[in-house]
Amino acid sequence: MELGSLTRSVVRRNHAIIAPDGYINSNVPGWTGCTTNVLINEQMGARLCQTLVTLTDAGQLTGATEASQIFFYVVQGQVQATIGDDSRILTAGKFVYVPVGQSYTFKNPTAGTQVLTFHKVYEPLVGQATPGVHWGEKDDSKAPIYMSDDALRIQELLPNELGFDMAVNIFTYQPGGQLPMVETHIMEHGLLYLQGQAIYMLDQQWYPIKKGDSIWMAPFCQQWAASIGKEPSVYIYYKNVNRFPTVV
């Protein structure tokens, strides 16, 4: 029997590791026939919300964005997404960005479908239009080399335009790949590991990470990572971008 007091999850002042072994389900109005796990949230000091939703074959997510925009990414399975009058089938690796002031419905999933969400309060920018709905998918051919290192590749999932105040990217490390420096920056991160394993340094603390783990990194949390194991290390991550660095 395993001791129930053991976990790899850690929650600190400026970072957190959330492993699946400690999940407790939450209820979200309009999200039915599913289990919703809130992985990152303002209650821990973050300025984003990240959830992982696992649907039964009768599951449905229905709602409307108000102050917050939402990015939906299908981790596994299949679901029908309807945003306004546009309806599409999303399979693993496909996503849709839902801007503020927009209705959405996800229905007819295959059992066990998992959907990752990133939520952020939208900050309008004078002279820039609010972004519209954006559909897309993971595509390794659209992931250029990062910092001249063939072992590192990043795909930007949202347009790099000033109207967007959030970015979502997929970062792939080949076996042995590592960041070339310890990053220290104002951007906040929320991420989910999609594949493989890694070793992470956060605020001078070392953590083993694997598929299914989530990480929160507050602004200026020092960070460094290296892929370990025999397969690529892949994660999808959020960061705040394109706004003046001040308190809102």
Side-chain angles (χ1 to χ4, degrees), residues 1-28 31-57 59 61 70-77 79 92-93 95 106 109-119 138 168 170-173 175 178-179 188-218 221-239:
M1 182 180 72
E2 293 187 6
L3 291 175
S5 59
L6 298 179
T7 182
R8 290 182 302 103
S9 294
V10 172
V11 179
R12 303 291 190 220
R13 175 189 62 84
N14 64 352
H15 67 274
I17 310 295
I18 306 298
D21 57 25
Y23 284 179
I24 296 295
N25 301 337
S26 297
N27 292 321
V28 175
W31 294 10
T32 59
C34 62
T35 57
T36 301
N37 299 117
V38 180
L39 307 178
I40 299 170
N41 185 262
E42 293 86 347
Q43 300 298 320
M44 69 199 307
R47 295 181 63 185
L48 76 142
C49 178
Q50 176 179 323
T51 76
L52 184 64
V53 185
T54 305
L55 298 114
T56 67
D57 58 3
L61 312 181
I70 309 177
F71 182 97
F72 294 88
Y73 180 89
V74 178
V75 177
Q76 64 182 35
V79 66
F95 64 86
F106 292 77
T110 55
T113 292
Q114 284 192 323
V115 179
L116 171 73
T117 71
F118 294 116
H119 310 237
K138 180 180 184 297
V168 180
I170 291 180
F171 204 153
T172 299
Y173 298 58
Q178 61 180 345
L179 288 177
E188 180 179 27
H189 289 323
L191 65 84
L192 175 70
Y193 257 79
L194 301 173
Q195 179 183 340
Q197 302 177 86
I199 187 73
Y200 245 93
M201 189 279 285
L202 300 172
D203 195 28
Q204 303 300 318
Q205 300 294 312
W206 296 88
Y207 302 101
I209 303 296
K210 66 178 182 178
K211 177 182 177 180
D213 291 349
S214 292
I215 305 178
W216 168 58
M217 294 173 240
C221 173
Q222 292 183 308
Q223 55 197 257
W224 179 88
S227 175
I228 57 177
K230 297 181 179 180
E231 63 176 331
S233 171
V234 183
Y235 59 82
I236 182 171
Y237 71 102
Y238 153 99
K239 66 178 178 179

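On a predicted model such as this, the values are computed, not experimentally measured, just so you know. Any value given below was found using the heavy atoms of this structure, including those in side chains, with hydrogens, waters and symmetry copies removed.
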Any idea which heavy atoms bring [X] and [Y] closest together, and the distance?
X      : Y      : answer
Leu55  : Cys34  : CA-CB, 4.0 Å
Ile209 : Asp213 : CA-OD2, 3.5 Å
Gly229 : Pro175 : O-CB, 3.8 Å
Gly93  : Tyr73  : CA-OH, 3.4 Å
Ser9   : Asp21  : OG-OD1, 4.0 Å
Val11  : Met44  : CG1-CE, 4.2 Å

[X] [atom1] to [Y] [atom2] distance, which is reported to the nearest 0.5 Å:
X      : Y      : atom1 : atom2 : value
Ile18  : Ser214 : CD1   : OG    : 7.5 Å
Gln222 : Gln204 : CD    : CD    : 5.0 Å
His15  : Ile215 : NE2   : CD1   : 9.5 Å
His119 : Glu42  : NE2   : CD    : 9.5 Å

* Asked: Do Leu179 and Tyr173 pass the side-chain contact (heavy atoms from CB on, under 4.5 Å) test, and can you show the C-alpha distance, the side-chain angles, and the key distance before you say yes or no?
  -> CA-CA 9 Å; Leu179 288 177; Tyr173 298 58; 3.5 Å; yes

* Donor-acceptor contact present, side-chain Asn37 to main-chain Leu39, <3.5 Å ->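 Here the side-chain-to-backbone pair does not exist.
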
* Asked: Under 3.5 Å, is there a donor-acceptor pair between the side chain of Thr56 and the main chain of Gly33?
  ->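 Judged by distance alone, yes, a pair lies under 3.5 Å.
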
* Just by distance, with hydrogens left out, do Thr35 and Asn25 show a side-chain donor and acceptor under 3.5 Å apart? -> no

* Asked: Under 3.5 Å, is there a donor-acceptor pair between the Thr117 and Thr51 side chains?
  -> yes

* Report yes if some heavy atom in the side chain of Ile228 is under 4.5 Å from a heavy atom in the side chain of Ser233; otherwise report no. =>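 Answer no - side chains too far apart.
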
* Under 4.5 Å between any side-chain heavy atoms of Val79 and Leu61, yes or no? ->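 Not touching, per the 4.5 Å side-chain cut-off.
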
* Evaluate the criterion side-chain contact (heavy atoms from CB on, under 4.5 Å) for residue pair Gln114 and Leu52; output intermediate values, then yes/no. => CA-CA 7 Å; Gln114 284 192 323; Leu52 184 64; 3.9 Å; yes

* Test Val38 against Val28 for side-chain contact (heavy atoms from CB on, under 4.5 Å), laying out the working first. => CA-CA 10 Å; Val38 180; Val28 175; 5.6 Å; no

* Asked: Who pairs with Tyr237 by side-chain hydrogen bond (donor to acceptor under 3.5 Å, both in side chains), at least two apart in sequence or on another chain?
  -> Asn169

Atom pairs and distances, donor-acceptor, side-chain atoms in residues 188-195, under 3.5 Å, two or more places apart:
residue, atom, partner, partner atom, Å
Glu188, OE1, Arg47, N, 3.3
Glu188, OE2, Arg47, N, 3.1
Glu188, OE2, Trp216, NE1, 2.7
His189, ND1, Tyr238, O, 3.0
His189, NE2, Gln223, OE1, 3.4
Gln195, NE2, Glu231, OE1, 3.3

* **The single option from Lys210, Lys230, Lys211 passing side chain to side chain contact (heavy atoms under 4.5 Å, CB included) against Gln197** => Lys210

* With Phe95 as reference, evaluate Phe71, Phe118, Phe72, Phe106 under the ring pair (Phe, Tyr, Trp, His ring centres under 6.0 Å) test and give the passing residue. => Phe71

* Below 4.0 angstrom, N of the basic side chain to O of the carboxylate: do Arg12 and Asp203 qualify? -> no

